[in-house]
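Working notes, beginning with the structure itself.
Proteins come first, then strands; the chains are lettered A, B, ... in the order of their sequence lines, and each starts at number 1. As the structure is a computational prediction, the values presented were derived from the model and not from experiment.
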Amino acid sequence: MADFNLRKAEPKDVTDILRLIKELAKFEEMEEQVVLTEKELLEDGFGEHPFYHCLVAEVPADRRSRDGHTVVGFAMYYFTYDPWIGKLLYLEDFYVMPEYQGYGMGSHIFKRLSETAVKTRCSSMHFIVAEWNSKSIEFYKRRGAADLSLEEGWRLFEIDKQSLLKMAK
Amino acid sequence: MFLMLVGLLFRSKGQFSRFLGGLSWYYLKMDFTIRAATPEDCIDIFRMTRELSEYEKLSDQVKISLEDLKRNGFCQNPFYRCLIAEVPEEHKTKDGHVNVGYALFCYTYCTIKGKCVYLGDLYVMPEFRGKGIGKALMSSVAKVAKEQQCTNLQLSVLDWNTPSMDFYIAKGAQDLTKSEGWHSLRFHGAALDKLAEEAPKN
């Protein structure tokens with residue numbers, strides 16, 4: 001297994017976080033949709049009221065990536081609320097660079113997130129997965145995840161900015 | 001500090017007009033106010049969340065206590081925000097309630113676009129539907145999202161709940177489960193505890 005350290009992200013990590021966000025978006029064929037900037041990541045994650053929390057996976061310098069990076073994985077999460085069951089930990093993004101996959105890094109990140117959820121007295125950990133991403137779905141289901149869309153019929157809806165502004169008038 | 005809404009007064013006159021620099025909505029026969037919830041409202045939020053769970057046939061899933069609701073919504077970094085729809089005394093329910101609807105939401109984050117809002121619950125008591133209260137609650141959440149520079153609003157709807165789906169689609173919502181194949185997954189209870197126990201201790 002590759003040596004690595006899982007730690008809380010710091011302001012200096014925003015460059016790596018954005019790089020990894022774009023790599024994941026490319027894998028999900030959504031790269032051109034990423035409009036977030038390093039400045040926004042910094043303000044939104046490290047201000048007085050953070051909108052998100054982030055873990056990063058870091059390898060020692062002698063195991064850096066082909067492109068010279070030592071931050072090789074991340075998980076971004078935040079807390080939401082269900083008035084029926086209380087606090088939830090919502091996993092927004094979770095990614096390990098391909099050359100570091102298969103060493104248990106993803107599994108460790110995931111378990112650390114679960115530990116965080118339990119320690120902060122969250123009832124559940126929630127996230128979304130694209131139905132074509134069978135590798136990820138298997139990863140989660142092997143670890144006990146339930147597919148609420150299949151099992152209970154929940155559908156995710158989104159109202160985009162244009163429609164939101166129209167409603168706000 | 002996140003936004004606390006100024007109360008918007010909606011009065012019945014059957015025509016659109018402006019009031020104190022904000023929009024007023026006019027509907028026949030029913031006054032109502034949309035305002036930010038206070039800790040004292042938690043008892044009504046608690047009551048109405050249970051009514052909604054019964055409608056969605058999931059009342060066995062309701063586990064939270066009134067004390068949890070109060071603590072989680074009114075601490076230094078609240079886990080949720082809530083707007084209340086209130087009617088005047090003369091329109092109160094047969095049980096004496098004037099708080100007849102609510103919208104409960106959270107700030108979330110999208111790595112594609114940034115700050116977002118997730119609408120957890122939107123509910124109006126059955127006897128007060130059809131009077132524009134749901135629409136007004138939705139618009140008020142949209143105003144808050146706009147003021148916080150959020151880029152979109154997300155929510156979840158059960159696939160059999162056609163009236164709700166139609167309501168949101170009419171406002172421009174897209175069903176991402178249908179159009180893009182997104183599924184909601186969850187780790188809960190024993191599955192979550194088991195994962196947490198296996199966490200590395202570095």
Cationic N near anionic O, under 4.0 Å, [X] to [Y]:
{"X": "A:Glu43", "Y": "A:Lys39", "answer": "yes"}
{"X": "B:Glu51", "Y": "B:Arg47", "answer": "yes"}
{"X": "A:Glu31", "Y": "A:Lys22", "answer": "no"}
{"X": "B:Arg186", "Y": "A:Asp82", "answer": "no"}
{"X": "A:Glu138", "Y": "A:Lys141", "answer": "no"}

Are [X] and [Y] in a cation-pi contact, defined as NZ or CZ under 6.0 Å from the six-membered ring centre and within 45° of the axis?
{"X": "A:Lys87", "Y": "B:Phe79", "value": "yes"}
{"X": "B:Lys57", "Y": "B:Tyr55", "value": "no"}
{"X": "A:Arg142", "Y": "A:Phe139", "value": "no"}

Please look at [X] and chain A and tell me whether the side chain, the backbone, both or neither of the residue comes under 4.5 angstrom of a heavy atom of that chain.
{"X": "B:Leu69", "answer": "both"}
{"X": "B:Ile169", "answer": "side chain"}
{"X": "B:Cys110", "answer": "both"}
{"X": "B:Asp175", "answer": "both"}

Is it the side chain or the backbone of [X] that comes within 4.5 Å of chain B heavy atoms, both, or neither?
{"X": "A:Asp93", "result": "side chain"}
{"X": "A:Leu41", "result": "both"}
{"X": "A:Ile21", "result": "side chain"}
{"X": "A:Met125", "result": "both"}
{"X": "A:Gln33", "result": "both"}
{"X": "A:Tyr140", "result": "both"}

Sort out for me which of [options] touches chain B most, counting heavy-atom pairs under 4.5 Å.
{"options": "A:Val34, A:Val129, A:Leu91", "result": "A:Val129"}
{"options": "A:Glu152, A:Glu40, A:Lys119", "result": "A:Glu152"}
{"options": "A:Asn133, A:Leu156, A:Leu148", "result": "A:Leu156"}
{"options": "A:Leu165, A:Asp44, A:Val118", "result": "A:Asp44"}
{"options": "A:Gly144, A:Gly86, A:Pro83, A:Gly45", "result": "A:Pro83"}

**Study point:** Check: B:Asn72/A:Tyr81 side-chain N/O donor and acceptor closer than 3.5 Å
**Key:**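 Yes - a donor-acceptor pair under 3.5 Å links their side chains.
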Review point. Can B:Gln154 and A:Glu158 be counted as having a side-chain donor-acceptor contact under 3.5 angstrom?
Key: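 Distance-only check passes for B:Gln154 and A:Glu158.
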